Protein chains: 2
Amino acid sequence: MSESINKQFFMDKQNFSHDIVALIKQQILNGELSPGDRIVETRLARELGISQTPVREAIRHLSGEGIITIVPNKGPIVKALEKRDVFEIYSLRAVIEGLAMRMATQLASDQDIAELEAFYDEMRAKLHDDTVDSLLADSLHIHQTIMRLSNHSKLMKTYESISFQISMVNRILGKESTKQKEVDQHLELIEALAARDPDQAEKTMRRHIYRSYREFIDMKEEDRWEYGEHLWFEK
Amino acid sequence: MSESINKQFFMDKQNFSHDIVALIKQQILNGELSPGDRIVETRLARELGISQTPVREAIRHLSGEGIITIVPNKGPIVKALEKRDVFEIYSLRAVIEGLAMRMATQLASDQDIAELEAFYDEMRAKLHDDTVDSLLADSLHIHQTIMRLSNHSKLMKTYESISFQISMVNRILGKESTKQKEVDQHLELIEALAARDPDQAEKTMRRHIYRSYREFIDMKEEDRWEYGEHLWFEK
DNA sequence: ACAAAGCATATTGTCAGAAAATTATATATA
DNA sequence: TATATATAATTTTCTGACAATATGCTTTGT
């Protein structure tokens, strides 16, 4: 019944499991699959109109990525995010992106930086008549650009796996940022980049991410995993 | 023929693929499987005396971890390590372990530190009549202990996946370190930990790893991915 | 009414083999 | 000889069926 409908997902340049990996990720970000949800291999296979094996392969791949947990003889579940995870995600992100900044100060061309500045100006211009979602997207774009400028593939891979979970956090808990502050912080980032001072750039990025984390927990949580600022950046 | 022999690998508390993941990793570290080698699912399954499916699952999991690359319709190969990879591994490791140090200064108990100091004394005592392999193992133990003290699961997971590749690097290219220097550096680490100064601790760790990297490329390579010290730590 | 035991169902784990794709080998043609 | 074409062999990919295990429900005994 729903077989023919879902077959559209298979643009299938490569193989089934490859597309199923993408499909499941997308469903998690959409909210069709929530953390803690069980994934039933047979059911998913039936819905997609294919057999069990490629579904299993996709799930095994995702378990390797750490997005899905497989309980032996019980089955796969979408990894749930605890409060502790949020702390870990942000703190890891801080050092990952910190190093990216450091490298970007050395590797970015003048044009790269000019483009970032232009993008920022646009972002600031439409600040007041724009949605929070759009702001988040723009923010994400800046961070991704910096990651790309670092030209460090393992850094990017690690970032992607975290970034996915960040998106999960944002989608689950929503986010109302004070737009002005958010925008200002990104100016700091770009200025630090333009100054081409690695030490300062790294510190700025770490502080930026620490502030995001603080904002997040101040809004949503009572108990926090914090251990104080000195766990995040220098003085 | 070799079926019954290899069956011993399956202590099999959970399921086949779980053990095959461990088996393949072990074979890579042993050198039975080298980077760039192809893995033929049917052959491996036949050798182990089981069917193809669990082998495939294990390989899919490993591809998720990034240890194996799957070329669609061609098959899995053990990911090869380029020179560039070595740079990326060390630099990523520097920030990962840097953060671990930072956290360890806050989370380690006095006893934890005392144990590390005791271990170090032992290590130094047997310095002269010990092999390089044994020294490397001791060094690894210290690093792993610090990771554990950080009590940061995502950090540890990232570290593990790098650590695996570090071991690959070491086994492929060998390593004759100047033992004395190597040992001294670890003293610095433990002292920084004992001082419980997060900033200093992080910097010490980063410098330590940077030095390892330098030692490595000075020994083996001509061309280097370096970009200067300021990419690694503050001044 | 409640708990334990046994049965039924659902789901995972494994298998053997067909279908599709790739690679290697051999044959034919210029 | 060299190049292209056809054929064979290998390997991946996928399927459908079955066994092993866990879960939920009913029955039974007290």
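Note that the structure is a prediction, hence the values are computed from the model and not measured. To find a chain, count down the sequence lines: A is the first, B the second, and so on, and within it residues start at 1.
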A.B. asks: Could you tell me whether I70(B) contacts a base, only the sugar-phosphate backbone, or nothing, with contacts defined as non-hydrogen atoms closer than 4.0 Å?
C.D. replies: nothing
A.B. asks: Whole angstroms only, please: what is the CG-P distance between L48(B) and dC15(C)?
C.D. replies: 11 Å
A.B. asks: Starting the side chain at C-beta, find the nucleotide from dG16(D), dA17(D), dT12(D) nearest to T53(A).
C.D. replies: dG16(D)
A.B. asks: As a test of reading the structure: which of dC14(D), dT12(D), dT12(C) is closest to the side chain of E57(A), going by heavy atoms?
C.D. replies: dC14(D)
A.B. asks: Does R60(B) place a side-chain N or O at less than 4.0 Å from the phosphate oxygens OP1/OP2 of dT13(D)?
C.D. replies: yes
A.B. asks: Where the side chain of F16(A) is concerned, which of dG13(C), dC14(D), dT11(C) is the nearest nucleotide?
C.D. replies: dC14(D)
A.B. asks: Please give, in whole Å, the distance from dT11(D) C1' to I77(B) CD1?
C.D. replies: 15 Å
A.B. asks: Can a side-chain donor-acceptor contact be found between K154(B) and Q165(A) if the only test is distance below 3.5 angstrom?
C.D. replies: yes
A.B. asks: Separation of I59(A) atom CD1 from dC14(D) atom C1', in whole Å?
C.D. replies: 16 Å
A.B. asks: Select from Q52(B) and R38(B) the residue whose nearest nucleotide in DNA chain C is closer to the 5' end of that strand.
C.D. replies: Q52(B)
A.B. asks: Is a side-chain donor-acceptor pair under 3.5 Å present for Q52(A) with T42(A)?
C.D. replies: no
A.B. asks: Taking only the side-chain heavy atoms of N73(A) (C-beta and beyond), determine which of dT21(D), dT14(C), dT11(C) contains the nearest atom.
C.D. replies: dT21(D)
A.B. asks: Grab the CZ-C1' distance between R43(B) and dT10(D) for me, whole Å please.
C.D. replies: 12 Å
A.B. asks: Is the closest side-chain donor-acceptor distance between H61(A) and E65(A) under 3.5 Å?
C.D. replies: yes
A.B. asks: Compare the minimum distances between each of dC14(D), dT14(C), dT13(D) and the side chain of P54(B), then state the nucleotide with the smallest one.
C.D. replies: dT14(C)
A.B. asks: Does a side-chain N or O from K74(A) land closer than 4.0 Å to OP1 or OP2 of dT23(D), or not?
C.D. replies: yes
A.B. asks: Expressed in angstrom and rounded to an integer, what is the separation of R46(A) atom CZ from dT12(C) atom P?
C.D. replies: 11 Å
A.B. asks: Looking at the side chain of E41(A), which of dT12(D), dT22(C), dT12(C) is the nearest nucleotide?
C.D. replies: dT12(C)
A.B. asks: Can you see if the side chain of N15(A) gets near the phosphate of dT13(D) - specifically, an N or O under 4.0 Å from OP1 or OP2?
C.D. replies: yes
A.B. asks: Parallel, tilted or perpendicular: which fits the ring planes of H208(A) and H186(A), with parallel below 30° and perpendicular above 60°?
C.D. replies: perpendicular
A.B. asks: Pick base, sugar-phosphate or nothing for L44(A), based on heavy-atom distances below 4.0 Å to the nucleic acid.
C.D. replies: nothing
A.B. asks: Counting only side-chain N and O atoms of R56(A), is one of them less than 4.0 Å from OP1 or OP2 of dG13(C)?
C.D. replies: yes
A.B. asks: Which whole-number value in Å describes the distance from I20(A) CD1 to dT13(D) P?
C.D. replies: 13 Å
A.B. asks: For the residue pair Y210(B) / R214(B), report whether a side-chain donor-acceptor contact shorter than 3.5 Å exists.
C.D. replies: yes
